[in-house]
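Here's the structure we're looking at; comments come further down.
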Amino acid sequence: MIIQGRGLGLRREFASSLANGPIRNDFDFLEVVPDNWMGLGGESMEQLDAIADKYPLVAHSLSLSIGDAQPLDMNYLSAVKTFLDNYDIAIYSDHVSMSRDSCGYLYELIPVRRTQASLQLMVDKIKAVQDYLSRRIALENISYYYDEEGQMAESEFIARLIDASSCGLLLDVNNAYVNSRNHGFDPHMFIDALPTDAVTYFHVAGHLDNGPQERVLDTHGTDVSAAVLNLGAYAVHRFGEQPIVLERDNNIPSLDELCEELRGIHEAMTGSTGNLQ
Amino acid sequence: MNVRIAADVASEAERRCQAVRRGDLGPYGELVRVNAQELVTTMFPRFTQHRGAERLRQDIDAFYKCFGATRAEFIHLATEFVRFMQPRLPPGIGRPLIEYEWMLFDVEVDKTPVPRPDGQEARRPTHVYLNPTVRWLATPFDLHADDQHAAQALLNHDAPYAYAIFRTFDHRVMTQRLSNHDIAELSSFTDGERLISPKESAHWFAHALAHELITSHHE
C-alpha cells in the first residue's frame with residue numbers, strides 16, 4: 001500500500017468517530033502508536049480494527065530503544081511485528097534514542113551519546129530489527145534537552161547511521177527547529193547534512209516558546225509555528241514531497257480543526273493542497 | 001539475534017540512564033516523574049486521592065530509583081507501578097484500592113471477546129457460562145465507602161466484601177458486589193460453565209444474564 005499525502009496522528013479522542021463515522025477525505029492516512037494499542041482487547045481493538053478497514057496506517061513506536069546498550073527486547077519486537085502484520089502496515093518508525101538501562105524501562109526518549117562506538121551498536125541493532133521485521137524501518141530525530149561536549153554533530157550521526165544501516169529517516173521538522181533553538185545551530189545546515197534520499201516521511205508539530213532565555217519545549221500542544229512551516233518547506237525542497245504527519249498530543253482541538261490545520265501545513269510545505277478533494 | 005555491545009558504550013548508556021533515575025540528566029529526571037505521576041493519577045484516581053500528592057510523588061521517585069520495569073509500553077507503566085507498590089504498601093486500604101483500580105484497567109483491555117447478550121428468549125437458558133472477562137475480588141471494606149468508613153471497617157474486622165469485575169458486550173466495565181446467594185450460585189459453575197435443569201428456578205440466572213455476569217453463549 002502506497003502512503004502519500006497528509007497524515008494525522010491517531011488519538012484515542014478521535015477513535016470512536018473515525019471508527020464509526022463515514023470515511024473522511026481531509027487526510028490520507030493515520031499514524032498509529034503501536035505501544036498504545038497492541039495487546040489490548042475490548043473497545044480499543046474493536047475501534048482500531050474498524051479504523052484500519054477504512055484508512056491506510058503507518059506505525060510509529062516509542063519503546064524500541066534502539067540506542068540502548070541492551071540486547072533487543074524480543075517480547076516487544078515480536079508484539080510490534082504481530083501488530084504490523086495484522087494491520088498490513090509497511091512503514092514503521094521509532095526514534096534515535098534509548099529508553100532502557102540494565103535495570104529496566106524509563107518510559108522516556110533519552111538522547112544517545114553520539115560516538116562511533118554507539119553508532120556501530122545502533123547499526124547492528126537496526127539491521128537485526130529490519131531482518132526480524134522484514135521491513136526497512138525509519139528512525140526519527142528526537143528533540144533533546146541534554147547535550148555534552150565531545151560528540152558527533154547530530155546530523156553527522158544520523159547521516160552515518162542511515163548510510164551504514166540502510167534505514168530511513170522520519171524527519172521531525174519541529175524537533176530540528178526546537179533543537180536548533182536550544183542548542184544554537186542553524187536548522188537548515190542540519191537538513192543540508194542529511195542524505196537527500198533518506199526521508200521516509202515528515203513529522204510536524206507545535207512547540208512551546210517562552211522566549212529566547214527559556215528552553216523551547218516540544219509539546220505537541222499548539223498549532224505548528226510559521227518558523228517550523230518555513231523549515232518544512234525547505235526540507236521538502238531538499239528531500240522531495242514525502243508524506244507529512246501532524247502530531248498533536250496536548251490541547252487537542254476538534255478533528256475538523258486538526259484536518260484544516262493539516263491542509264494548511266501541507267500547502268505551506270509543498271505548495272499543493274493535497275492528493276484528495 | 002545477538003549484537004556485540006562494547007563496554008564503553010554500555011557504561012555510557014548506563015551512566016545517562018542512572019542519572020535519570022537519580023532525577024538528573026538535565027530535565028529528564030523530572031520529565032519521567034511528571035509523566036509517570038500523570039499516568040498513575042489518571043489510571044488510579046481513588047488510590048491517588050487516598051495516597052495524597054506528596055506521598056505519591058515520593059512513591060514515583062522511589063519507583064524510578066529502585067525498580068526495574070520490564071514492560072516496554074508506557075501504558076504498562078501503571079502495571080509496573082502496581083508491582084512496585086504491592087509489597088511496599090502498609091496494611092490498610094491503599095493496597096486493595098490500587099489492585100481494584102488496576103483490575104478495572106485489566107478487564108477493560110482483556111482481549112477475550114464478550115458474547116452479545118440474548119434478548120428475551122434467553123430468560124430460560126439451559127447452558128450458561130461465566131462472563132469470560134470476569135475477575136473476582138475480596139476486600140476488607142466496601143469499595144464504594146469513603147476512606148474514613150473503609151478504615152473503620154478494617155478496625156472492626158468487618159466480613160470481607162466480594163465483587164465481580166467484568167466487561168459487558170458494549171465495553172462497559174462493571175463492578176458488581178456479590179451477595180452470599182450470588183457466591184453460592186457462582187460456586188456451582190464448573191470450569192466457567194453450568195447446565196440448568198428444567199426443575200431449577202431460573203430467576204438468579206435471568207438476573208445475572210441481564211447484567212452480563214454470565215452469558216448463554218460460549219466463544
Side-chain angles (χ1 to χ4, degrees), chain A residues 33-46 61-65 67-77 79-80 98-113 115 117-125 127-129 131-132 144-148 215 217, chain B residues 1-21 24-36 39 63-77 80 84 105-114 132-133 167-168 170-173:
Chain A
V33 175
D35 308 51
N36 295 342
W37 302 86
M38 62 190 187
L40 306 188
E43 190 168 31
S44 295
M45 185 174 69
E46 198 172 284
S61 68
L62 303 171
S63 306
L64 185 60
S65 193
D68 71 26
Q70 306 298 317
L72 289 166
D73 181 341
M74 295 311 297
N75 288 333
Y76 180 74
L77 206 51
V80 168
M98 61 178 168
S99 308
R100 184 176 57 148
D101 60 9
S102 61
C103 190
Y105 282 95
L106 293 162
Y107 306 106
E108 184 56 75
L109 303 174
I110 297 165
V112 177
R113 184 163 169 81
T115 63
S118 64
L119 179 82
Q120 186 55 53
L121 177 57
M122 282 183 69
V123 168
D124 291 345
K125 290 172 75 175
K127 286 179 175 175
V129 170
D131 282 349
Y132 181 77
Y144 56 94
Y145 306 106
Y146 175 81
D147 209 9
E148 292 170 342
R215 183 184 283 132
L217 297 175
Chain B
M1 200 172 286
N2 290 325
V3 288
R4 198 179 64 78
I5 299 168
D8 59 334
V9 177
S11 64
E12 177 57 33
E14 204 72 5
R15 181 183 68 79
R16 288 194 174 196
C17 291
Q18 287 298 320
V20 175
R21 290 187 184 281
D24 298 333
L25 200 75
Y28 286 99
E30 185 185 352
L31 269 176
V32 296
R33 286 160 171 79
V34 168
N35 290 339
L39 182 75
F63 172 76
Y64 273 106
K65 284 178 174 160
C66 311
F67 192 69
T70 58
R71 291 168 180 81
E73 300 89 339
F74 180 64
I75 195 166
H76 285 305
L77 187 155
E80 298 286 351
F84 169 72
F105 162 70
D106 195 43
V107 167
E108 181 187 339
V109 301
D110 189 317
K111 292 188 84 167
T112 317
V114 177
T133 66
R167 193 178 72 226
T168 62
D170 61 353
H171 307 303
R172 289 171 294 128
V173 176

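Letters A, B, ... mirror the listed sequences (proteins, then strands); counts begin at 1. Just so it is clear, the values below take in all heavy atoms, side chains as well, and ignore hydrogens, waters and symmetry mates. On a predicted model such as this, the values are computed, not experimentally measured, just so you know.
In this structure, no portion of A/V33 lies under 4.5 Å from any heavy atom of chain B. Heavy atoms of B/R15 lying under 4.5 Å from chain A belong exclusively to its side chain. At a 4.5 Å heavy-atom cutoff, A/S44 makes no contact with chain B through either its backbone or its side chain. Heavy atoms of A/P111 lying under 4.5 Å from chain B belong to its backbone as well as its side chain. If you measure heavy-atom distances from A/L106 to chain B, the contacts under 4.5 Å come from both the backbone and the side chain. Interface residue A/Q70: backbone and side-chain heavy atoms are both found under 4.5 Å from chain B. Heavy atoms closer than 4.5 Å to chain B are found nowhere in A/L64, neither backbone nor side chain. For A/R215, the part lying near chain B is the side chain, with the backbone staying farther off; criterion is any non-hydrogen pair under 4.5 Å. In this structure, the portions of A/D124 lying under 4.5 Å from any heavy atom of chain B include both its backbone and its side chain. Both the backbone and the side chain of A/Y145 have a heavy atom closer than 4.5 Å to some heavy atom of chain B. Interface residue B/F74: backbone and side-chain heavy atoms are both found under 4.5 Å from chain A.
Using modelled atom types, no side-chain atom of A/R113 and backbone atom of A/E148 make a donor-acceptor pair closer than 3.5 Å. The closest donor-acceptor contact from the side chain of A/S99 to the backbone of A/S63 lies at 3.5 Å or more, if one exists at all.
The shortest heavy-atom contact between A/Y105 and B/T70 is CE1-O, 3.7 Å. Between B/R33 and B/V20, the closest heavy-atom pair is NH1-O, 3.0 Å. Nearest approach of B/L25 to A/I110, heavy atoms of both residues: CD2-CG2, 3.8 Å. Across all their heavy atoms, A/M45 and A/L40 have their closest contact at CB-O, 3.4 Å.
In terms of heavy-atom pairs under 4.5 angstrom with chain A, the leader among B/T133, B/D8, B/L31, B/D110 is B/D110. Put simply, of B/V32, B/D170, B/V107, B/N35, the one with the most heavy-atom pairs under 4.5 Å next to chain A is B/V32. Comparing B/K111, B/H171, B/E80, B/E12 by heavy-atom pairs within less than 4.5 Å of chain A, the highest count is held by B/H171. For the options A/S65, A/G67, A/G39, heavy-atom pairs under 4.5 Å to chain B are most numerous at A/G39. Taking chain B as the reference chain and counting heavy-atom pairs below 4.5 Å, the highest number among A/S118, A/A117, A/S61, A/G41 is found for A/G41. The candidate from B/G26, B/P27, B/A72, B/A10 with the greatest count of non-hydrogen atom pairs under 4.5 Å with chain A is B/A72. Most heavy-atom pairs under 4.5 Å with chain A: of the set B/V173, B/I75, B/L77, this distinction falls to B/L77. Put simply, of B/G68, B/A36, B/S11, the one with the most heavy-atom pairs under 4.5 Å next to chain A is B/G68.
With contacts defined as side-chain heavy-atom distances shorter than 4.5 Å, the pair A/D68/A/K125 qualifies.
When the side chain to side chain contact (heavy atoms under 4.5 Å, CB included) test is applied to B/Q18, the partners found at least two apart in sequence or on another chain are A/D101, B/E14, B/R21, B/R22.
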Please lay out, stage by stage, how B/E73 and A/W37 fare under the test side-chain contact (heavy atoms from CB on, under 4.5 Å). CA-CA 10 Å; B/E73 300 89 339; A/W37 302 86; over 6 Å; no
Go through the steps for B/I5 and A/L121 under the test side-chain contact (heavy atoms from CB on, under 4.5 Å), then give the verdict. CA-CA 6 Å; B/I5 299 168; A/L121 177 57; 3.8 Å; yes
Evaluate side-chain contact (heavy atoms from CB on, under 4.5 Å) for A/Y107 paired with A/L62, printing each intermediate quantity in order. CA-CA 8 Å; A/Y107 306 106; A/L62 303 171; over 6 Å; no
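Ring-plane geometry between B/F105 and B/H76 is classed as perpendicular, the angle between the planes exceeding 60 degrees on a 0 to 90 degree scale with a lower cut at 30.
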